[in-house]
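Working notes, structure below.
Numbers restart at 1 for each chain; the letters A, B, ... are given by sequence-line order, proteins then strands. These figures come from a predicted structure and were not determined experimentally.
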Amino acid sequence: MENRKTLIELKNVRKSYDGKTNVIEDISLEILEGEFVTLLGPSGCGKTTILRMIGGFDTPSDGQILLDDSDISLLPPNKRPINTVFQKYALFPHLNVYENIAFGLKMRKVSKVETDKLVKEALELVDLEGFEERSINTLSGGQQQRIAIARAVVNRPKVLLLDESLSALDAKMRKEMQLELKQMHKTLGITFVFVTHDQEEALTMSDKVVVIADGNIQQVGTPEDIYNEPANVFVADFIGESNIFNGVMSDKLTATFAGAVFPCVDDLEKGIKIDAVVRPEDVDVVEAGKGQLSGQVTSCDFKGTFYVMFVQCGQYEMEVHCFDYFAPGTTVGLNVDPDMIHIIPYDMSINHYEGQLEGINDEGIITVKFADLVRKVDYKNIYADASFEEGILKAAGGETINVAGTNVTVSFEPSDADISDDANEGDVTGTIISFYYIGDHYSYTVRSESEEDYVVDETDLWNQGDLVSVVIPDEALKIVLA
Amino acid sequence: MKKGFFDRRQLALPYVLFLLVFVILPLFVVVYYGFTDAEGHLSFANFLAFFTNMRTVGTLVYSLVIAILTTIICLLLAYPVAYILAKGEYARKHSFLMVFVLPMWINFTLRITALKEILTLLEGNLAFHPFLNTIICMVYDFLPFMIMPLFNSLAKLDNSMLEAGADLYASPVQNFLHVLLPLSVPGIVSGVTMVFLPAMTNYVVLDMVYNSTYIMGSLIGSYFSSYDWNNGSLISAILLMMIGLVTMVTNRLIGDKEVASR
């Protein structure tokens, strides 16, 4: 498995359809020869666009796509040794099964004898021997799926692209096809690039999972890595069930979150802000009073092999998967093993904006411009030591400070801002693009029309896509000279 | 669901009556007149006379040539237009389509009169190029009827079909020949039907441009204007049979494709 060479390389690829908003922000990715790579993300995250660019159906607006070290970014699909299994299969209705599978061979002028042999092999591979003369419309969805795979692999491409290819199948058939695809991947030795929004499918099938959200790669890793060591809150929330809490490293190898202190194994600097992730199956239920946390069961539902239980620990809610039933109202203790706590350093870029000072007026009020906002703040909030006399701002040393044009960093705490349903009430209007439940509150990301993101903590529930406005009080703003 | 005042059978009655009176009955009248003589006796004399008279057979052949040429030119002009309108990335493709179909909204007489003036301006005397003028007028008149069905069939066509073709190594030309063209056969067939058959009979266009060219329609017109119902009906019946034959063949052709595309 080691030392496999890079087959496909995406270098700083950006894609924009309208020239304004980027569907793909700036993606770099390596795909090794013979690898089973899954692009995983919610709908609209750009994963299909990446696949289409590898296939040649879309061209990157910026950056390069290399195949075997040669640039194929602008090569039309018919000149790429890459074949695709389309989402709705896209089998040709005017051709029968044989003609469909032989299409690629015919276009490349492969001899009739050779074609017959290859089509037969391809049909054997997908377990549909003897289907040559069948017309496409007599096939079931699952059979069409197999023919679509046969039609692609018969050409022995270097890369097989699969665009949400299993999403149209029913659950049972899907499980079966997942295993078969994995088997096929082993048999054929072709590089597979698979696109899906189903995290379970991604974890089951792939050697490498690429988690994508919002046109950016969030994390690349093996299924185990992605599940056990999520790189950020998005990945933790998207892959599997998780309890996420804001917290702080209160000491060496000790984290404080959810109102309690936990020993942990992640060695991070004391005092830094963190997001702690605890998987529901990693929480142990113990006798009341004997756990790190103590709380009341609010619900407990049977899910076939385990119970899903919610425990209210003070203001924090914890989801627990356990094998015993606890009646709602029961008081229980909860324990989490140190190595079951995954600590993610808090994303310091949240609500941090580059800004500029516009000028100062006669009362010593400075106009600051950042993101979508123009705000007026007292000079003391920026230049704590300075003095303002007769319209001139002087530093502690007595020299005059030239305010206009000074670069600053503006930030505010998510908990200090508020969301309002009234689009005109707040300082900036936008849509909620994502939200996570963080122990005792929701963390919303609101994106304005000019593509600035504002993260706001709220206890009320809004939905993704809601048009809201964000209220940022003056006293919440922290302005630091850059 | 709440029941209405009428059931479906009752609601169908007006349409059935309409069809009987204005479609089925006239058909029988045409066939009856076609195969009887002036005294009302059953007779194949008209039929034989039509196919033994060089003049009438010549008109039939000439009409066929004009209709075939018109259809081919319409198809060649309409296909790229329909393709660009259906598959091109225009924000206002339906407005563009409208521009091509708009002439149909303008009175037929006015359109042909205008065209006549333009042709006169270009050619001096319309009598110099009767055949060319016939084709130009026919194509002008029937083009929208070819564009519409082609547009509809191409617009319905899933883009992933063409992407699949390209993905499977088809060059743009191969992709056209092996994917796009076969999949647009239903549109082509209905376009051809809409243009070919009327083009054989629409002599009014020719009359209006003072054309001496004689086509099947002109023949029927001249018999009827001399109160020869039998010969006029016979020719109509012959055309009817030809139409029936063509439709049968094309239906079989599309029939196969339609089944395959489902």
Side-chain angles (χ1 to χ4, degrees), chain A residues 17-18 48 51-52 54-58 75-97 99-110 133-139 144 147-148 150-157 159-165, chain B residues 75 79 82-84 86-93 149-150 152-192 249-262:
Chain A
Y17 286 105
D18 56 7
T48 295
L51 195 82
R52 289 177 60 81
I54 299 175
F57 310 113
D58 278 326
L75 217 57
N78 56 313
K79 302 227 168 99
R80 300 184 186 205
I82 297 173
N83 288 112
T84 309
V85 178
F86 291 87
Q87 185 168 15
K88 289 182 207 129
Y89 319 138
L91 295 171
F92 302 124
H94 61 294
L95 303 177
N96 66 20
V97 168
E99 292 163 328
N100 261 285
I101 298 176
F103 191 90
L105 302 170
K106 190 175 161 193
M107 293 303 119
R108 286 185 300 153
K109 313 229 165 11
V110 174
E133 299 305 317
R134 292 280 290 272
S135 102
I136 295 303
N137 65 300
T138 64
L139 303 178
Q144 291 194 17
I147 297 301
R151 184 177 71 170
V153 298
V154 75
N155 301 292
R156 291 295 133 104
V159 186
L160 184 70
L161 306 178
L162 300 114
D163 183 8
E164 302 244 11
S165 302
Chain B
L75 185 60
Y79 202 95
Y83 180 80
I84 293 166
K87 292 287 166 212
E89 284 166 6
Y90 302 110
R92 279 182 252 284
K93 58 171 85 169
L150 280 177
N152 284 335
S153 125
L154 289 172
K156 263 195 304 190
L157 197 139
D158 192 346
N159 270 336
S160 68
M161 289 293 154
L162 296 175
E163 286 180 352
D167 187 65
L168 296 163
Y169 312 105
S171 67
V173 175
Q174 284 175 319
N175 215 354
F176 173 74
L177 290 176
H178 293 285
V179 180
L180 188 63
L181 203 56
L183 288 177
S184 50
V185 163
I188 294 175
V189 168
S190 56
V192 166
V249 172
T250 50
N251 270 0
R252 184 147 305 169
L253 245 166
I254 318 183
D256 290 347
K257 302 285 174 201
E258 291 272 275
V259 170
S261 68
R262 229 166 271 144

Here the gap from Arg108(A) atom CZ to Gln174(B) atom CD, rounded to the nearest 0.5 Å, amounts to 11.5 Å
Highest number of heavy-atom pairs under 4.5 Å with chain B among Asn83(A), Thr84(A), Val154(A) belongs to Asn83(A)
So, the part of Asp158(B) with a heavy atom under 4.5 Å from chain A: the answer is neither
Cut-off 4.5 Å, heavy atoms of chain B, and the answer for Leu161(A) is neither
Whatever's closer than 4.5 Å to a heavy atom in chain B on Arg52(A) counts as side chain
Heavy atoms of Ala90(A) and Ser160(B) approach each other most closely as CB-OG, 3.4 Å
When the 4.5 angstrom heavy-atom criterion is applied to Leu105(A) and chain B, the contacting part is neither
In short, Pro172(B) meets Asn78(A) closest at the heavy-atom pair CD-ND2, 4.4 Å
Rounded to the nearest 0.5 Å, the CD1 atom of Ile101(A) sits from the CG atom of Leu168(B) at a distance of 11.0 Å
Rounded to the nearest 0.5 angstrom, the CE-CG distance for Met107(A) and Asn175(B) is 8.0 Å
Looking only at heavy atoms, the pair that brings His94(A) and Leu183(B) closest together is ND1-CD2, 3.3 Å
Heavy-atom nearest pair, Pro157(A) first then Tyr169(B), reads CB-OH, 4.4 Å
| Lys87(B) atom NZ, over 12 foreign heavy atoms within 6.0 Å | yes
dist Met161(B):CE -> Phe86(A):CZ (nearest 0.5 Å) comes out at 9.5 Å
Between the CZ atom in Arg151(A) and the CG atom in Asp167(B), the distance rounded to the nearest 0.5 Å is 7.5 Å
